[in-house]
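Hydrogens, waters and symmetry mates play no part in the numbers below; they use all other heavy atoms, side chains included. Per chain, numbering begins at 1; letters A, B, ... match sequence-line order.
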2 protein chains.
Amino acid sequence: MIHLAIIEDNISIRGVLTDYFSAEQGYEVVLSAGSFEKFHDEWRPADTRIDVVICDIGLPGKSGIDAVWYIKSKSEKTHILMLTVFEEREKIFQSLCAGASGYMLKSTPLAEIKTGINDILNGGAAMSPKIAMQVISYFNKRKQVSAVESENLTAREIEILSFLEQGLANKAIAEQMSLSVDTVKFHIKNIYLKLQVSSRAELIAKYKQF
Amino acid sequence: MIHLAIIEDNISIRGVLTDYFSAEQGYEVVLSAGSFEKFHDEWRPADTRIDVVICDIGLPGKSGIDAVWYIKSKSEKTHILMLTVFEEREKIFQSLCAGASGYMLKSTPLAEIKTGINDILNGGAAMSPKIAMQVISYFNKRKQVSAVESENLTAREIEILSFLEQGLANKAIAEQMSLSVDTVKFHIKNIYLKLQVSSRAELIAKYKQF
DNA sequence: TAGAATTCTACCCATTTGGGTAGGCTTATT
DNA sequence: AATAAGCCTACCCAAATGGGTAGAATTCTA
């Protein structure tokens with residue numbers, strides 16, 4: 001039996017979800033609340049096991065993201081599937097950072113939400129395609145790299161840049177490349193000029209990938 | 001009509017994919033190759049529009065990741081769905097960085113691959129749940145934060161750490177926090193001690209999130 | 001209340017770094 | 001052949017940084 005909890009302020013959506021999963025075989029809605037505060041008051045982590053929480057992002061009072069932090073701190077094993085009407089980039093990343101296992105649009109059919117829950121319980125994650133795209137675009141380096149490439153770094157400079165990004169000192173870079181420290185400094189100066197920074201810390205903070 | 005290309009060295013898998021999509025209404029397989037090199041020779045970007053490339057990761061010769069870079073550089077609008085037997089974290093991220101729009105396991109049913117392609121063409125992304133989990137876990141800060149927290153950084157140190165990660169100089173940090181430069185230096189020394197580094201560049205390179 | 005931890009400030013010193021300038025070398029490009 | 005671009009080295013100087021030590025105020029905790 002899969003124990004579900006639902007946190008959703010819209011009473012009709014909460015009703016639909018609760019009714020649907022209550023009727024489904026193998027699922028049980030053990031808690032249904034209209035706000036994080038309500039959920040917080042009613043849930044006794046030690047007594048009530050919850051496998052998956054379906055949680056709205058835009059809750060009145062404390063947000064759904066706060067809810068994620070709280071739930072994961074109380075019960076590491078409990079998974080959280082965020083549900084929202086928004087496709088806001090920021091919210092998505094905040095939820096994921098907090099430890100959510102999935103993120104689906106409210107427009108998602110109930111059957112797909114059910115599939116998502118099962119995916120989560122099988123060690124996967126559930127994401128609506130549009131959400132997945134947002135997440136994927138986060139990794140896309142094509143622009144970032146071109147940002148560096150467009151500054152016309154020479155091969156040598158790119159090589160040194162990669163050492164800089166590893167946090168190496170000039171002396172270490174010089175040894176690695178069998179160059180004099182002065183030469184390394186020379187190239188670094190040019191890199192700074194092209195990338196418009198004035199210290200290695202600034203450079204790494206701005207341009208380091210990952 | 002959706003124009004597909006398939007790059008896959010396993011002849012039987014390539015056959016299955018080619019046959020399936022050739023038979024599907026609205027799809028046309030315009031190119032089917034067993035390696036990136038073959039694909040490279042046969043594709044004329046200017047003449048042949050490709051909407052989606054289904055591409056294996058573990059190709060003989062140049063890898064699927066190289067293929068992604070090449071395809072995206074020649075035709076920005078062409079989407080790429082990576083297909084693989086591996087769930088390797090590194091490969092996933094490399095593909096996404098290169099500009100892939102999706103990543104599915106080879107065990108995925110053909111119908112789901114087809115759904116994935118449609119998701120991609122509708123501005124979404126396609127990911128198998130297990131892959132999505134890998135990606136999501138990348139964002140999960142709960143552990144990463146503890147990696148820093150386990151070193152027992154004090155509140156003040158964490159505050160300064162966040163400025164360091166932005167690449168700020170001591171003087172700038174001092175101004176931001178209304179402290180003397182000496183105080184900032186004092187805290188930074190302690191941070192270095194706890195995190196076992198000896199320069200800001202090394203610190204940012206090692207501990208910067210994202 | 002006493003001790004511990006944290007925070008803030010200050011000073012010293014050696015090293016590293018950033019920025020400027022200058023000259024020689026090699027390898028395309030014209 | 002001449003010019004340009006990239007690469008390497010060297011030197012100078014001021015600023016920033018890293019590391020050590022030390023004293024005092026504050027807050028938390030036993």
Side-chain angles (χ1 to χ4, degrees), chain A residues 69 73 141 144-210, chain B residues 69 73 141 144-210:
Chain A
W69 280 105
S73 72
K141 274 198 199 152
Q144 299 169 38
V145 168
S146 70
V148 170
E149 275 175 357
S150 70
E151 305 299 339
N152 295 315
L153 291 192
T154 65
R156 210 56 168 172
E157 287 162 356
I158 290 175
E159 201 180 348
I160 288 188
L161 179 60
S162 79
F163 284 116
L164 281 175
E165 286 180 342
Q166 293 171 43
L168 295 189
N170 293 346
K171 203 196 282 184
I173 297 175
E175 281 165 13
Q176 286 277 323
M177 298 180 68
S178 302
L179 293 178
S180 76
V181 175
D182 280 311
T183 303
V184 173
K185 285 174 65 179
F186 171 81
H187 287 300
I188 291 178
K189 285 169 207 168
N190 292 327
I191 293 173
Y192 288 173
L193 246 182
K194 292 181 180 177
L195 298 187
Q196 287 293 298
V197 294
S198 53
S199 80
R200 50 223 297 126
E202 194 184 349
L203 176 106
I204 301 173
K206 280 193 184 171
Y207 290 95
K208 175 139 206 280
Q209 345 247 30
F210 287 55
Chain B
W69 280 105
S73 73
K141 276 202 193 143
Q144 297 172 39
V145 168
S146 72
V148 170
E149 273 175 357
S150 71
E151 306 298 338
N152 295 315
L153 290 192
T154 65
R156 210 57 169 172
E157 286 163 358
I158 290 174
E159 201 179 347
I160 288 187
L161 178 61
S162 78
F163 284 115
L164 281 175
E165 286 179 344
Q166 292 171 42
L168 295 189
N170 292 346
K171 202 197 281 183
I173 298 175
E175 282 165 11
Q176 285 277 323
M177 298 180 69
S178 301
L179 293 177
S180 76
V181 174
D182 280 311
T183 303
V184 173
K185 284 174 65 179
F186 171 81
H187 288 300
I188 290 178
K189 285 169 206 166
N190 291 327
I191 293 173
Y192 288 173
L193 248 182
K194 292 182 182 177
L195 297 187
Q196 288 293 298
V197 294
S198 54
S199 80
R200 51 224 295 126
E202 194 184 349
L203 177 105
I204 301 172
K206 280 193 183 170
Y207 289 96
K208 178 147 204 282
Q209 344 246 33
F210 291 51

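- In this entry the distance linking CZ of A:R156 with C1' of D:dC7 reads 8 Å, nearest Å.
- In this entry the distance linking CD1 of A:I160 with P of D:dC7 reads 9 Å, nearest Å.
- The two residues A:K185 and A:N170 come nearest to each other via the heavy atoms CG-ND2, 3.6 Å.
- Between A:I188 and A:R200, some side-chain heavy-atom pair lies under the 4.5 Å cut-off.
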Problem set entry | Per-nucleotide protein contact string for nucleotides 17-28 of chain C, where B marks a base within reach and S marks sugar-phosphate only (heavy atoms under 4.0 Å, - for neither) | SBBB--------
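- Under the 4.5 Å side-chain criterion, counting only non-hydrogen atoms from C-beta, A:E175 is not in contact with A:L168.
- A pairwise comparison of heavy atoms in B:G167 and A:A205 identifies N-CB, 3.7 Å as the closest pair.
- Within the 4.5 Å cutoff, no side-chain heavy atoms of B:K189 are placed close to those of B:L193.
- Rounded to an integer number of Å, the gap from B:E202 CD to D:dT17 C1' is 14 Å.
- The CG-C1' distance, from B:L179 to D:dA25, rounds to 14 Å in whole Å.
- Residue-level contact check: B:S180 touches the backbone only, with heavy atoms under 4.0 Å from sugar-phosphate atoms and none from bases.
- In this structure, the side chains of B:R156 and B:M177 come closer than 4.5 Å at one or more pairs of heavy atoms.
- One interatomic measurement links the two molecules: CG of B:N190 to P of D:dG19, which rounds to 11 Å at whole-angstrom precision.
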